[in-house]
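Okay, structure first, notes after.
Read the numbers this way: they start at 1 and go in the same order the structure lists the ligands and their atoms.
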Amino acid sequence: MQATQLSQFISTAAFAADKHKDQRRKNASSTPYINHPLGVADILSQTGHDDLPTLQAALLHDTLEDTDTTLAELEITFGSQVAHIVAECSDNKTQSKQVRKQIQIDKARTVSIKAKQVKLADKLYNLRDLQTNSPPDWDIRRIKEYFIWAGKVTRQIEDASPAITELLAQVYAGTFEKD
Ligand code: NDP
Ligand code: ZN
């Protein structure tokens with residue numbers, strides 16, 4: 001990565017950290033929210049998806065959905081390519097959760113390859129967290145339901161990253177070891 005690109009990457013991480021500054025993940029240790037986008041970017045980087053727009057989109061992938069960030073703000077600050085990938089990774093929060101979950105399954109194939117890669121890394125991060133550090137108020141049934149739903153999404157897009165798909169297969173293989 002060139003110096004300018006590194007500088008852009010750090011600025012993007014700082015932007016995401018600021019946007020998520022008051023949020024925590026749902027896991028047992030209530031991890032700072034920014035650990036998640038950073039972890040998603042790390043998965044992508046470790047699996048060879050290390051171009052700057054993909055890594056920036058990974059850092060920003062929950063800002064539209066979970067903070068006051070707007071698409072216009074992302075376009076102005078990071079350009080249309082990064083903003084578009086983030087939009088492709090975002091649910092429409094005006095719809096019910098049930099509808100949003102079905103749309104993720106139905107529309108997964110229609111997004112760009114970079115968005116598919118971010119989605120695969122996002123699901124991998126969440127599934128690993130559910131296996132090792134699950135939310136205290138989630139019973140095993142709810143965790144299993146999340147795995148089943150995530151599998152329906154990731155199966156549609158596995159061609160976008162054989163490397164992440166292999167890591168997902170390892171996680172799915174250990175899914176029910178708590179039984
Ligand atoms: P939620 O949508 O409430 O939570 C999952 C989302 O929360 C993830 O996609 C992730 O999104 C975010 N998240 C934050 N912290 C974590 C973490 N530590 N680990 C994983 N994800 C995290 O869950 P669901 O509604 O999908 O529940 C799972 C299943 O259980 C569903 O099939 C549902 O039908 C069922 N169920 C749901 C109940 C409910 O009240 N919703 C009650 C009982 C069962 P991101 O990465 O984008 O931040
Ligand atoms: Zn996420």
Side-chain angles (χ1 to χ4, degrees), residues 12-13 15-47 49 54-69 71 74 82-83 85-108 111-112 114-157 160-161 164 167-168 170-172 174-179:
T12 310
F15 178 97
D18 184 53
K19 290 292 186 177
H20 291 297
K21 69 182 188 307
D22 297 323
Q23 298 172 332
R24 297 264 164 177
R25 299 292 289 173
K26 293 173 184 166
N27 55 36
S29 30
S30 298
T31 318
Y33 201 97
I34 192 61
N35 288 21
H36 168 64
L38 282 171
V40 173
D42 188 36
I43 289 168
L44 287 160
S45 160
Q46 298 289 335
T47 49
H49 309 295
T54 303
L55 295 181
Q56 287 180 293
L59 293 173
L60 298 167
H61 81 272
D62 278 330
T63 57
L64 277 183
E65 213 176 279
D66 295 329
T67 77
D68 63 2
T69 309
L71 185 58
L74 292 182
V82 171
I85 303 167
V86 176
E88 289 182 304
C89 293
S90 303
D91 291 351
N92 178 348
K93 281 261 179 134
T94 64
Q95 291 160 325
S96 72
K97 193 191 253 188
Q98 213 60 26
V99 169
R100 280 187 267 142
K101 285 191 162 290
Q102 189 57 46
I103 287 175
Q104 280 212 37
I105 297 168
D106 296 342
K107 296 276 171 75
V111 301
S112 66
K114 290 184 193 302
K116 287 175 183 169
Q117 290 161 351
V118 173
K119 275 171 172 278
L120 286 170
D122 183 34
K123 295 290 181 286
L124 176 62
Y125 184 101
N126 285 343
L127 295 170
R128 283 177 170 167
D129 214 18
L130 288 177
Q131 278 185 332
T132 57
N133 189 19
S134 62
D137 57 339
W138 282 38
D139 58 18
I140 190 69
R141 182 193 164 94
R142 183 160 178 186
I143 294 171
K144 282 182 181 180
E145 284 180 5
Y146 188 88
F147 269 79
I148 291 165
W149 169 75
K152 288 180 184 168
V153 177
T154 60
R155 258 203 315 276
Q156 314 278 335
I157 55 177
S161 174
I164 302 178
L167 296 173
L168 279 164
Q170 292 168 15
V171 171
Y172 289 131
T175 303
F176 301 124
E177 64 195 13
K178 288 183 187 168
D179 280 352

Run down the list Gln23, Gln131, Lys97, Lys26 and name the one with the heavy atom closest to atom 4 (O) of ligand 1.
Lys26
Return the residue, atom name and 0.1 Å-rounded distance of the protein heavy atom closest to [atom].
atom: atom 32 (O) of ligand 1; result: Glu145 CB, 3.4 Å
atom: atom 16 (C) of ligand 1; result: Arg25 NH2, 3.4 Å
atom: atom 47 (O) of ligand 1; result: Asp62 OD1, 3.1 Å
atom: atom 37 (C) of ligand 1; result: Arg142 NE, 3.4 Å
atom: atom 9 (O) of ligand 1; result: Tyr146 OH, 2.7 Å
atom: atom 10 (C) of ligand 1; result: Asn126 ND2, 3.4 Å
atom: atom 18 (N) of ligand 1; result: Asp129 OD2, 2.8 Å

Determine whether the side chain, the backbone, both or neither of Asn133 has a heavy atom under 4.0 Å from any heavy atom of ligand 1.
neither
Criterion side-chain contact (heavy atoms from CB on, under 4.5 Å) on Leu120 and Thr47, from CA distance to verdict
CA-CA 11 Å; Leu120 286 170; Thr47 49; over 6 Å; no
Cationic tip of Arg24 within the cone over Tyr33's six-membered ring, i.e. under 6.0 Å and within 45° of the normal?
no
More than 12 foreign heavy atoms under 6.0 Å from NZ of Lys152: is that the case here?
no
Does atom CD (Gln98) have a neighbourhood of more than 12 heavy atoms from anything else shown, all under 6.0 Å?
no
Tell me the closest heavy-atom pair linking [X] and [Y], and the distance in Å.
X: Pro37; Y: Ile34; result: CD-O, 3.3 Å
X: Thr69; Y: Leu64; result: O-CD2, 3.5 Å
X: Ala57; Y: Val82; result: N-CG1, 4.1 Å

So for ligand 1, is [X] a polar contact partner (N or O within less than 3.5 Å, distance only)?
X: Lys101; answer: yes
X: Tyr33; answer: yes
X: His36; answer: yes

Among the heavy atoms of Tyr125, does any lie under 4.0 Å from an atom of ligand 1?
no
Can you name the one residue among His49, Gln117, Lys116 that meets side chain to side chain donor-acceptor pair (under 3.5 Å) with Ser161?
His49
Run the numbers on His36 and Asn126 for side-chain contact (heavy atoms from CB on, under 4.5 Å), then give the verdict.
CA-CA 8 Å; His36 168 64; Asn126 285 343; 3.3 Å; yes
Just to confirm my numbers, could you give the angle made at the Zn ion (ligand 2) by OD2 of Asp62 and NE2 of His36, rounded to 10°?
90°
Can we say Lys93 and Asp66 salt-bridge, meaning some charged N sits less than 4.0 Å from an Asp/Glu carboxylate O?
yes
For Leu130, atoms of ligand 1 separated by under 4.0 Å from a heavy atom
19 (N), 20 (C)
So if I count the atoms of ligand 1 from 1 in the order they appear, which ones are less than 4.0 Å from some heavy atom of Asn27?
18 (N)
Indicate whether any N or O donor in one side chain lies under 3.5 Å from an N or O acceptor in the other, for His20 and Asp62.
no
Minimum-distance atom from the Zn ion (ligand 2) among N, O or S atoms of Asp122
OD1
